[in-house]
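Data first, discussion second: the structure below is written as C-alpha cells.
These values consider heavy atoms only, across backbone and side chains, with no hydrogens, waters or symmetry-generated copies. The chain is numbered in sequence order, starting from 1.
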Amino acid sequence: MPKIKGDGLNDKMKRFVAEYLVDQNALQACIRAGYSANGARVHSNRLMQNPAVKAAIDAKLGKVLSKLEITAERVLLERARLAFLDPRKLVDAKGKALGIHQLDEDTAAAVAGFEVERGRVTKIKLSDKSASLTALEKHLGLYKDGDSDASPLHIHLHLD
C-alpha cells in the first residue's frame, strides 16, 4: 500500500492532481499518473470524490487563478463587454471604420479576430453576444434550460 503523506495524498495521488491540472480530464490524468487504463474510469471517479484530492486540486487551481488574476468579477466583466457591445463604437460619426488602436477598451475586448489584406484590416470578427448574454443570464438566475434556442451569432464588419 502506498504511503499517505500528511496532506492525505500518496505519491500517485499527487501525480494525479498534477496531471489533472493539465487539462482537467480526470480519466486521462488517472492514466498519465500511472493507474491502470482498464480501471481508470473507476479510479478517476474515486480520486475525484476523495476529500484530500479535491482539496489539493482546489488549492492548486486557486493559486493558478490568483496568479493570473482570474476572478469571478473579471470573467463577468469580459462577458458583459461581449454581451453589451455597441457596434456603433466601431465607426466614427461619418460611418468610417475606426482603426483598431482607436477602439475603447470595452469595444476592443469584443473583437474576436481580423482579416488583413495588403497590410490593412479589411474585416473585424466580433465575439458572440448570444453566448455571453446566456452566460450572464445563467449567472443571474434569469436563464432556464430550454428558454433560449438562439444560435450563435457571427457578426462581420466589412471595411472599405
Side-chain angles (χ1 to χ4, degrees), residues 7 9 13-34 37 40-41 44-45 47-49 53-160:
D7 57 8
L9 303 175
M13 294 163 113
K14 286 182 180 185
R15 178 69 193 260
F16 170 80
V17 170
E19 292 294 341
Y20 179 80
L21 294 172
V22 169
D23 57 9
Q24 296 188 4
N25 181 323
L27 180 63
Q28 292 304 313
C30 193
I31 294 167
R32 292 190 304 260
R41 188 166 310 281
S44 63
N45 287 334
L47 288 165
M48 292 304 291
Q49 297 303 314
V53 170
K54 287 167 63 172
I57 289 171
D58 289 346
K60 299 250 185 214
L61 281 176
K63 284 181 185 176
V64 169
L65 295 177
S66 177
K67 185 176 181 178
L68 297 174
E69 298 179 9
I70 297 173
T71 62
E73 181 179 290
R74 186 169 174 203
V75 170
L76 289 173
L77 172 63
E78 289 302 310
R79 282 291 192 183
R81 285 175 163 166
L82 303 178
F84 302 119
L85 168 70
D86 182 350
R88 294 175 295 182
K89 290 184 172 186
L90 293 164
V91 295
D92 64 18
K94 295 181 181 179
K96 184 176 182 247
L98 295 175
I100 299 304
H101 62 283
Q102 295 173 296
L103 300 178
D104 64 57
E105 195 172 329
D106 290 339
T107 305
V111 174
F114 314 98
E115 282 188 25
V116 179
E117 292 178 17
R118 289 178 249 157
R120 282 189 64 237
V121 174
T122 58
K123 189 186 288 187
I124 298 174
K125 181 179 181 191
L126 302 177
S127 296
D128 182 4
K129 287 181 69 126
S130 178
S132 293
L133 282 167
T134 300
L136 289 173
E137 289 169 349
K138 286 180 180 180
H139 177 76
L140 296 170
L142 302 173
Y143 180 90
K144 294 183 186 101
D145 287 335
D147 276 358
S148 175
D149 60 357
S151 59
L153 301 174
H154 297 284
I155 303 167
H156 297 278
L157 176 66
H158 294 273
L159 307 174
D160 293 328

Which value, rounded to the nearest 0.5 Å, describes the distance between [X] atom [atom1] and [Y] atom [atom2]?
{"X": "Arg15", "Y": "Cys30", "atom1": "CZ", "atom2": "SG", "result": "12.0 Å"}
{"X": "Glu78", "Y": "Ser132", "atom1": "CD", "atom2": "OG", "result": "9.5 Å"}
{"X": "Gln102", "Y": "Thr107", "atom1": "CD", "atom2": "OG1", "result": "12.0 Å"}
{"X": "Leu27", "Y": "Leu47", "atom1": "CG", "atom2": "CG", "result": "11.0 Å"}
{"X": "Leu65", "Y": "Arg74", "atom1": "CG", "atom2": "CZ", "result": "11.0 Å"}

### Task
Give the intermediate values and the outcome of side-chain contact (heavy atoms from CB on, under 4.5 Å) for residues Leu98 and Val91.
CA-CA 5 Å; Leu98 295 175; Val91 295; 5.6 Å; no
Looking at every non-hydrogen atom in both residues, tell me the closest pair between [X] and [Y] and how far apart they are.
{"X": "Ala37", "Y": "Ile31", "result": "CA-CG1, 4.1 Å"}
{"X": "Leu82", "Y": "Ala109", "result": "CD2-O, 3.5 Å"}
{"X": "Arg32", "Y": "Glu19", "result": "NE-OE1, 2.7 Å"}
{"X": "Ala26", "Y": "Ser44", "result": "O-CB, 3.5 Å"}

When you compare the side chain of [Y] with that of [X], does any pair of heavy atoms fall below 4.5 Å?
{"X": "Asp7", "Y": "Lys14", "answer": "yes"}
{"X": "His139", "Y": "Val75", "answer": "no"}
{"X": "Lys89", "Y": "Leu103", "answer": "no"}

### Message
Taking Ala83's backbone N and O only, do any of them form a donor-acceptor pair with Lys129's side chain (distance below 3.5 Å, no angle check)?
### Response
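Yes; at least one donor-acceptor contact below 3.5 Å.
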### Message
Between Thr134 and Glu137, does the side-chain contact (heavy atoms from CB on, under 4.5 Å) criterion hold? Intermediate values first, please.
### Response
CA-CA 5 Å; Thr134 300; Glu137 289 169 349; 4.2 Å; yes
### Message
Assess the residue pair Ile57 and Met48 against the criterion (side-chain contact (heavy atoms from CB on, under 4.5 Å)); give the C-alpha distance rounded to whole Å, side-chain angles, the decisive distance to 0.1 Å, and a yes or no.
### Response
CA-CA 9 Å; Ile57 289 171; Met48 292 304 291; 3.9 Å; yes
### Task
Would you sort out whether Asp106 and Leu85 count as a side-chain contact (heavy atoms from CB on, under 4.5 Å), showing the intermediate values?
CA-CA 7 Å; Asp106 290 339; Leu85 168 70; over 6 Å; no
### Task
Flag the pair Asp92 and Lys94 as a salt bridge only when some basic side-chain nitrogen lies within less than 4.0 angstrom of an acidic carboxylate oxygen.
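Lys94 and Asp92: not salt-bridged.
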